[in-house]
2 protein chains.
Amino acid sequence: MATIQDVAKLAGLSRTTVSRVINQHPYVTEEKKRLVSKAMEELNYVPNSSARRLRRQQTETIAVYVPRITNPFFSHLVEVMEKEAGKKGYQLILCQTRYKKEQERNFLELLKTKQVDGLILTSIENDWGQIEPYLSYGPIVVCNEYTDTAEVPIVFLNQIEGGYIGTKHLIDKGYTKLGFCSGDHKSSRVAYDRKVGFLKAVEEAGLLMKDEWFFRNAYSVQDGLNTFKALEKLDDPPQALFTGSDEVAAGLVKAAKDAGWRVPEDLAIIGFDNQPLAELMELTTVEQPIETIARNAMELMIESIQSKRRPVRKEVILPLRLIERTST
Amino acid sequence: MATIQDVAKLAGLSRTTVSRVINQHPYVTEEKKRLVSKAMEELNYVPNSSARRLRRQQTETIAVYVPRITNPFFSHLVEVMEKEAGKKGYQLILCQTRYKKEQERNFLELLKTKQVDGLILTSIENDWGQIEPYLSYGPIVVCNEYTDTAEVPIVFLNQIEGGYIGTKHLIDKGYTKLGFCSGDHKSSRVAYDRKVGFLKAVEEAGLLMKDEWFFRNAYSVQDGLNTFKALEKLDDPPQALFTGSDEVAAGLVKAAKDAGWRVPEDLAIIGFDNQPLAELMELTTVEQPIETIARNAMELMIESIQSKRRPVRKEVILPLRLIERTST
DNA sequence: CGAATTCATGAAATCGTTTTCATAAATCGA
DNA sequence: TCGATTTATGAAAACGATTTCATGAATTCG
């Protein structure tokens with residue numbers, strides 16, 4: 001593999017002159033430019049990435065943390081982020097935390113060792129206090145998650161409102177016995193905020209609540225199936241269920257129908273995200289503008305990298321929208 | 001940010017000695033090791049990734065090409081590949097080709113400029129003749145796709161068999177008017193092979209075929225919806241449809257039912273992959289062992305990187321399995 | 001006991017690119 | 001005509017880590 005030294009030798013010039021041609025710096029005659037280009041082509045030369053990174057102190061690589069890429073919400077986020085990154089000449093390293101604090105900490109080393117120029121967190125496992133010190137190594141953008149005090153760019157949705165409008169819809173439909181099904185609302189701010197919104201709507205309507213109408217740790221289709229099994233064992237099951245994911249909702253709908261229940265007559269179910277699955281299963285759902293989230297996050301990331309200024313808190317709050325179908 | 005020079009200075013030793021401690025080379029006294037470790041901790045030192053890459057001529061990064069990460073088949077592949085890569089200390093760069101030859105060629109530059117140690121192609125857009133020259137820059141593993149002559153490791157499934165067993169199942173069920181719906185079987189070897197298998201089963205059963213029972217360029221749920229619209233306009237529509245994706249099949253099932261058709265009575269539909277969606281929509285499907293494909297591909301990739309030998313053709317052929325549900 | 005080998009530590013070179021500083025020629029404007 | 005500025009090109013240093021080669025002390029073995 002040819003180096004810039006080889007190109008210089010073949011062109012009969014110095015490495016400095018070759019570098020000037022490659023990087024389009026001034027003060028090189030047209031004749032010399034021609035010689036360099038010809039030599040590069042003849043030797044099939046391209047600059048070595050590692051040497052460039054070392055000299056330029058740049059990697060043109062961004063790490064994106066997701067819990068799991070198979071979750072359609074995150075794969076959709078990543079799809080747009082990779083595309084936006086590519087437009088600006090950046091590569092995207094995929095980091096799956098699998099909801100594990102240690103795994104997230106391991107990946108933070110990428111920033112510390114300067115293997116990436118910045119990172120985007122689409123979910124947060126550790127306390128912010130443990131992540132914040134890494135800001136001294138490079139910029140961090142928080143996306144889809146929320147932290148109260150972090151001095152970083154944050155793209156998020158008002159999940160309290162999301163919980164509220166979904167629940168309000170159920171109440172407006174006449175349901176009075178409402179269940180709440182979500183991820184872990186002790187560790188996840190998203191799940192917590194949705195629950196806050198849910199409770200707000202329930203209290204406004206003067207409805208009663210039962211502890212047994214709360215279902216936790218539901219993330220997948222299978223979790224939806226399992227949640228239904230738990231629900232149908234109740235003496236007094238809820239009439240309607242707010243869920244934190246279309247996949248969970250879809251699992252619930254499938255299990256309910258398999259058990260002979262009618263949706264929404266016997267159980268109304270609302271999902272979140274508006275994935276293709278929502279249309280297939282006719283789910284009422286709260287839509288998140290995933291493309292806008294992703295694009296905003298990547299733009300803020302690249303802006304942070306290129307500005308080389310100390311990070312500043314900047315919130316981008318995006319709207320949620322209810323899509324009504326037949327599951328409610 | 002501290003460098004190895006800073007650590008050496010604080011420890012009162014040379015950079016060579018510090019490097020020996022970091023890399024656990026022999027001939028360093030325990031006392032000197034202690035001094036170095038203490039200095040590293042005090043300065044919060046970690047080695048610089050770019051410098052290491054340049055000196056070691058290694059990036060510990062692998063690029064994985066997928067058409068689109070939102071396709072559940074590819075997101076599942078990538079999930080397992082990222083996990084396996086992480087176990088061996090490698091990072092995974094995500095490259096979405098979007099089915100575009102130029103985009104694929106752009107990404108091939110990652111290997112040429114030594115930004116990655118190797119790459120895994122899970123779909124192939126360009127002719128192999130255009131990809132093959134990049135083997136001189138680093139190893140390439142082909143996964144899920146197939147090329148006849150490539151001297152590289154290939155992990156694939158017998159898609160002819162996949163097309164055959166799915167179609168045979170429909171024939172065994174008594175259907176005589178069979179349709180075929182897939183991706184572009186002119187540019188995609190996967191789609192082409194499945195069609196070969198489909199035709200083999202149809203010919204063995206002595207069935208007649210109609211050109212208008214072939215539907216192309218279907219990849220998504222929406223494409224499934226559209227395909228049904230085309231199908232229902234036919235004077236003599238097929239009784240059963242072989243599709244190349246659970247998502248396409250799900251779209252078809254949804255559209256058929258919305259149009260008042262009964263599945264499988266009025267139209268039997270078979271999908272491919274056995275994604276969670278298949279269970280939700282009760283699809284009969286041909287299951288691909290995605291975890292095994294991904295794990296095999298990543299192990300072959302890392303083995304190729306570390307062996308530093310010229311690539312050799314090595315085929316790993318994995319089995320397909322029919323999962324029967326109510327859509328056929 | 002002495003030669004050979006192992007142990008311990010450090011200086012310089014190396015990986016490959018880009019920038020800084022140096023030198024000389026050409027050009028411009030007073 | 002001359003001083004100041006611009007143009008053109010190259011050598012050396014820089015980025016930061018690791019390896020090679022060097023040197024001297026300690027140990028081993030015949």
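Since the model is a prediction, treat every value here as computed from it, not as a measurement. No hydrogens, no waters, no symmetry mates; every other heavy atom, side chains included, goes into these values. Each chain gets a letter, A, B and so on, in the order its sequence line appears, and its residues count up from 1.
Where P26(B) and A51(B) each meet DNA chain C at their nearest nucleotide, the meeting point lying more 5' is that of P26(B). Comparing L13(B) and Q5(A), the nucleotide of DNA chain C nearest to each residue sits closer to the 5' end for L13(B).
Using a 4.0 Å cut-off, no side-chain N or O of H25(B) falls inside it from OP1 or OP2 of dA8(C). OP1 or OP2 of dT18(D) sits under 4.0 Å from a side-chain N or O of R52(B). The shortest distance between the side-chain N/O atoms of T16(B) and the OP1/OP2 oxygens of dG10(C) is not below 4.0 Å. Phosphate proximity of dC15(C) to N48(A): absent, as no side-chain N or O sits under 4.0 Å from OP1 or OP2. Look at T29(A) and you won't find any side-chain N or O under 4.0 angstrom from OP1 or OP2 of dT7(D). Close to dG10(C), at under 4.0 Å from its OP1 or OP2, lies a side-chain N or O of S14(B). At dG10(D), one or more side-chain N or O atoms of T17(A) fall inside 4.0 Å of OP1 or OP2 (strictly under the cut-off). Side-chain N/O atoms of R55(B) include none lying less than 4.0 angstrom from OP1 or OP2 on dT14(C). For R56(A), a side-chain nitrogen or oxygen approaches OP1 or OP2 of dT18(C) to under 4.0 Å. An OP1 or OP2 oxygen of dT23(D) is reached within less than 4.0 angstrom by no side-chain nitrogen or oxygen of Y27(B). Residue K32(A) places no side-chain N or O under 4.0 Å from the OP1 or OP2 atom of dA8(D).
Checked by atom type, the side-chain pair R53(A)/T61(A) shows a donor-acceptor distance below 3.5 Å. Side-chain contact check for Q159(A) and Q288(A): at least one donor-acceptor pair (N or O, by modelled atom type) lies under 3.5 Å. For the residue pair T122(A)/N144(A), the side-chain donor-acceptor check at 3.5 Å is not satisfied. When only modelled atom types and interatomic distance are considered, E104(B) and Y99(B) share no side-chain donor-acceptor pair under 3.5 Å.
Taking atom CD of E30(B) as the reference point, atom C1' of dC7(C) lies 14 Å away to the nearest angstrom. Atom CZ of R15(A) and atom C1' of dA12(D) are 9 Å apart (whole Å). One interatomic measurement links the two molecules: CE of M1(B) to C1' of dA17(D), which rounds to 17 Å at whole-angstrom precision.
Counting distance only, with no hydrogens placed and no angle test, the side-chain atoms of R53(A) and the base atoms of dG16(C) include no donor-acceptor pair under 3.5 Å.
Relative to the side chain of V28(A), the nucleotides dT9(D), dG10(C), dC15(C) differ in distance, and dT9(D) lies closest. Closest approach to the R20(B) side chain among dT18(C), dA17(D), dT9(C) is made by dT9(C) (side chain taken as heavy atoms from C-beta onward).
The pair E84(B)-K87(B) counts as a salt bridge, with a side-chain nitrogen and a carboxylate oxygen less than 4.0 angstrom apart.
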